[in-house]
There are 2 protein chains.
Amino acid sequence: MARAATTADAFNAVAEPRRRQILDVLSGGERPVNDLVALLGVAQPLVSKHLRVLREVGLVDVRGEGRQRMYCVNSRPLKPIHDWVKSYEQSWSERFDHLDVVLEELKETEDDDDQ
Amino acid sequence: MARAATTADAFNAVAEPRRRQILDVLSGGERPVNDLVALLGVAQPLVSKHLRVLREVGLVDVRGEGRQRMYCVNSRPLKPIHDWVKSYEQSWSERFDHLDVVLEELKETEDDDDQ
DNA sequence: TTGACATATGTCCATATCGGTATATGATTA
DNA sequence: TAATCATATACCGATATGGACATATGTCAA
């Protein structure tokens with residue numbers, strides 16, 4: 001087998017930075033493709049391809065408006081990502097970060113022993 | 001260019017389900033490689049390679065213990081994912097979900113008009 | 001040292017990616 | 001109808017993947 005398709009799920013679709021950018025722009029409201037092309041400074045066919053991936057995993061919806069196609073975000077497929085990542089959240093919370101700092105300092109103190 | 005390397009960042013590393021599984025197991029505590037091999041039922045070289053990817057993005061730390069290598073989670077690289085996804089959280093919250101339901105019902109009512 | 005165990009690395013294959021360029025489809029206007 | 005604008009698709013290249021397999025490295029015990 002090879003790497004999972006980008007259209008396999010939101011995890012894969014969103015791993016590409018450009019697609020996150022697109023979602024970030026669309027989170028400000030519905031946009032036609034050419035807006036994204038201008039805002040991201042990317043070739044139009046590439047934008048269309050990224051939009052296709054996002055559509056296939058349900059992260060964007062389309063609506064025809066004249067000769068334009070208006071895209072908007074549908075963030076529900078992001079929920080599994082949120083849910084999975086959330087269970088790790090406490091680990092980097094302030095309390096634990098502080099503990100890390102303390103441990104780091106301890107280690108450095110040990111390292112300094114041989115000076 | 002091709003797809004970004006799996007070791008490019010946590011987004012890419014974590015897009016692979018098997019690697020999330022590994023992190024999920026390790027979140028229960030430090031484990032040697034063979035534990036993961038047994039628990040996931042995957043070939044050992046494959047586990048080692050996944051662990052390498054996770055290590056390269058800083059999601060796991062290793063510690064030598066005799067002839068074993070103990071792996072544990074370091075979830076800090078997940079924070080960017082959490083932060084990015086979090087900004088979309090409200091969209092799927094109850095309130096909005098309810099709104100979706102209402103709109104869905106409205107649409108179905110319209111569709112039923114021709115009965 | 002030899003052997004056994006734990007883990008890592010190397011090679012191979014099939015596959016699909018992102019990006020670029022060219023072209024097709026589709027809707028609107030003259 | 002023809003020309004134009006907006007978007008989608010097709011094809012190509014370079015690249016790296018996950019998995020299977022074989023083998024190297026490294027640590028300990030007899």
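Proteins get letters first, then strands, A, B, ... in listed order; numbering begins at 1 in each. All of these numbers come straight from a predicted model, not from anything done at the bench.
For the pair A:E56 CD and D:dT9 C1', the computed distance is 13 Å after rounding to whole Å. Nucleotide D:dA16 holds its P atom 18 Å from the CG atom of A:N12, rounded to whole Å. Remark: C1' of C:dA6 and OH of B:Y71 are 11 Å apart, rounded to the nearest angstrom. Between the CG atom of A:L54 and the P atom of D:dA8 there is a distance of 12 Å, rounded to whole Å. Between the CG atom of B:L40 and the P atom of D:dG19 there is a distance of 11 Å, rounded to whole Å. Taking atom CE of residue A:M70 and atom P of nucleotide C:dA27, one finds them 17 Å apart after rounding to whole Å.
A donor-acceptor pair under 3.5 Å is absent between the side-chain atoms of B:S48 and the main chain of B:P45, judged by distance alone.
Between the base of C:dA8 and the side chain of B:Q44 there is a donor-acceptor pair shorter than 3.5 Å.
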Exercise for review: Take nucleotides 16-21 of chain C nucleotide by nucleotide from the 5' end and write B, S or -, depending on whether a protein heavy atom sits under 4.0 Å from the base, only from the sugar-phosphate, or from neither.
Suggested key: -BBBBB

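The two atoms that bring A:A4 and A:A8 nearest to each other are CB-CB, 4.3 Å, heavy atoms only. Taking every heavy atom of both residues into account, A:C72 and A:E30 meet most closely at CB-CG, 4.1 Å.
OP1 or OP2 of C:dA8 has not a single side-chain nitrogen or oxygen of B:R52 nearer than 4.0 Å.
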Return the polar atom pairs (N/O with N/O) between nucleotides 2-6 of chain D and the protein under 3.5 Å, or none.
{"unit_1": "D:dC5", "atom_1": "O4'", "unit_2": "A:R67", "atom_2": "NH1", "d": "3.1"}
{"unit_1": "D:dC5", "atom_1": "O2", "unit_2": "A:R67", "atom_2": "NH1", "d": "3.2"}

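Looking at B:N74 and A:Y88, their side chains never bring a donor and an acceptor atom within 3.5 Å of each other.
In this structure, the side chain to side chain contact (heavy atoms under 4.5 Å, CB included) partners of B:R20, at least two apart in sequence or on a different chain, are A:D9, A:F11, A:W84, B:V14, B:P17.
Annotation: the span from B:T6 atom OG1 to B:R19 atom CZ amounts to 4.5 Å, rounded to 0.5 Å.
Following chains of ILVMFWY side-chain contacts shorter than 4.5 Å, one can reach A:V47 starting from A:L59, so the two form part of one hydrophobic cluster. Under a hydrophobic clustering in which Ile, Leu, Val, Met, Phe, Trp and Tyr are joined whenever their side-chain heavy atoms come within less than 4.5 Å, directly or via other members, B:L39 and B:M70 fall into different clusters.
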Practice item. Start with the C-alpha gap between A:V53 and A:N12, add the side-chain angles, then the distance that decides, and say whether side chain to side chain contact (heavy atoms under 4.5 Å, CB included) holds. Key: CA-CA 10 Å; A:V53 172; A:N12 282 280; over 6 Å; no

